[in-house]
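It should be emphasised that the depicted structure is a prediction, and the values quoted were computed from it without experimental measurement.
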Amino acid sequence: MWRWIKIPKAVALLAFLLPWMSVSCSNNTLVSATGFGLAAGKFTSELPGRTPATGEWNLYLVIAITALVMGLVIAFLRRGRTTAGLSLTTTAAALLFIWLGTSRYTKAAVLEQASKTRATAVSEVEQAAASMINVNWHYGYWLALAALLAAAAIAALVLSGKDPDFEQRR
């Protein structure tokens, strides 16, 4: 079972290349981003004639990618009970930092950030317009989470001693 742990970890890393998020208003997509784009603060503007939006680096997502890469390297280089524990730790860290990194892109957080950029009070019309904003999470995000959960399950099974093939090869 241990040899299979590389697959979900690689899938989770590749999922960062896929679409993760988009922000839309009245069913018109305004911006979108991949997982790596969110980490680097680079968004694609979906409005014609607009330049792509850039923001600041998302340190939490950068740490999640780093933990994922470290876990993948550990899975290829080492074998042993310690390795299974390290793999589970890096997988859990990647899940935690993805959650922390994407929590800044909830609808409430996006609306709060938009209100900070405005110096004037928000009118009722602006509040109504803001209520039509939606943050949509796409298949790359869900695939990354599912793959990391699968990797965590495999590492936990190996760590618990339920993989006799792993124990024989040590």
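Here the side chains of Ser87 and Ile5 are in contact, with some heavy-atom distance below 4.5 Å. Two residues are said to be in side-chain contact when any heavy atoms from C-beta on lie closer than 4.5 Å; Cys25 and Asn134 fail this criterion. In this structure the side chain of Leu18 never reaches within 4.5 angstrom of the side chain of Thr34, judged on heavy atoms. Two residues are said to be in side-chain contact when any heavy atoms from C-beta on lie closer than 4.5 Å; Met70 and Leu86 fail this criterion. Looking at Leu96 and Leu100, their side chains come closer than 4.5 Å, going by heavy atoms from C-beta outward. Residues Thr91 and Lys9 form a side-chain contact, since some pair of their non-hydrogen atoms from C-beta on lies under 4.5 Å apart. Taking 4.5 Å as the limit, some side-chain heavy atom of Ile98 sits within range of a side-chain heavy atom of Leu148. A heavy-atom distance below 4.5 Å is not found between the side chains of Val135 and Thr106.
Evaluation of the side-chain hydrogen bond (donor to acceptor under 3.5 Å, both in side chains) rule for Ser32 yields Glu46 as partners, not counting sequence neighbours. For Pro19, the side chain to side chain contact (heavy atoms under 4.5 Å, CB included) partners are His138, Tyr139, not counting sequence neighbours. For Trp99, the ring-ring contact (aromatic ring centres under 6.0 Å, His included) test picks out no residue, with sequence neighbours left out. Residues that satisfy the side chain to side chain contact (heavy atoms under 4.5 Å, CB included) test with Ala92, not counting sequence neighbours, are absent from this structure. Every residue was checked against the ring-ring contact (aromatic ring centres under 6.0 Å, His included) condition with Tyr60, not counting sequence neighbours, and none meets it. By the side-chain hydrogen bond (donor to acceptor under 3.5 Å, both in side chains) test, Thr66 pairs with no residue at all, sequence neighbours left out. Remark: Ile63 engages Leu59, Phe97 in a side chain to side chain contact (heavy atoms under 4.5 Å, CB included) (not counting sequence neighbours). Applying the side chain to side chain contact (heavy atoms under 4.5 Å, CB included) test to Leu149 and every residue at least two apart in sequence or in another chain returns Leu95. For Phe36, the ring-ring contact (aromatic ring centres under 6.0 Å, His included) criterion is met by Phe16, not counting sequence neighbours.
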Any chance you could lay out the side chain to side chain contact (heavy atoms under 4.5 Å, CB included) test for Lys6 and Phe76, step after step, and finish with the verdict? CA-CA 8 Å; Lys6 298 167 190 103; Phe76 275 106; 3.4 Å; yes
Would Tyr105 and Asn58 count as a side chain to side chain contact (heavy atoms under 4.5 Å, CB included) here? Give the steps. CA-CA 11 Å; Tyr105 302 114; Asn58 187 329; 3.5 Å; yes
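Between Thr90 and Gly71, the closest heavy-atom pair is OG1-CA, 3.3 Å. The two residues Pro8 and Ile154 make their nearest non-hydrogen contact at CG-CD1, 4.1 Å. Across all non-hydrogen atoms, the minimal contact from Ala94 to Ala67 is N-CB, 4.1 Å.
With rounding to the nearest 0.5 Å, the separation of CD1 in Ile74 from CG in Leu88 is 11.5 Å. Rounded to the nearest 0.5 Å, atoms OG1 (Thr83) and CG (Leu159) are 10.5 Å apart. Distance check: Thr102 OG1 to Leu61 CG gives 6.5 Å after rounding to the nearest 0.5 Å.
Among Leu30, Asn136, Val31, the one residue that satisfies the side-chain contact (heavy atoms from CB on, under 4.5 Å) test with Ser24 is Asn136.
Other cluster members for Trp57: Val62, joined by side-chain heavy-atom distances under 4.5 Å among Ile, Leu, Val, Met, Phe, Trp and Tyr.
Under the salt bridge (charged side-chain N to carboxylate O under 4.0 Å, His left out) criterion, the residue pairs touching residues 55-72 are Glu56-Arg104, with sequence neighbours excluded.
A donor-acceptor contact shorter than 3.5 Å is absent between the side chain of Trp20 and the backbone of Gly37.
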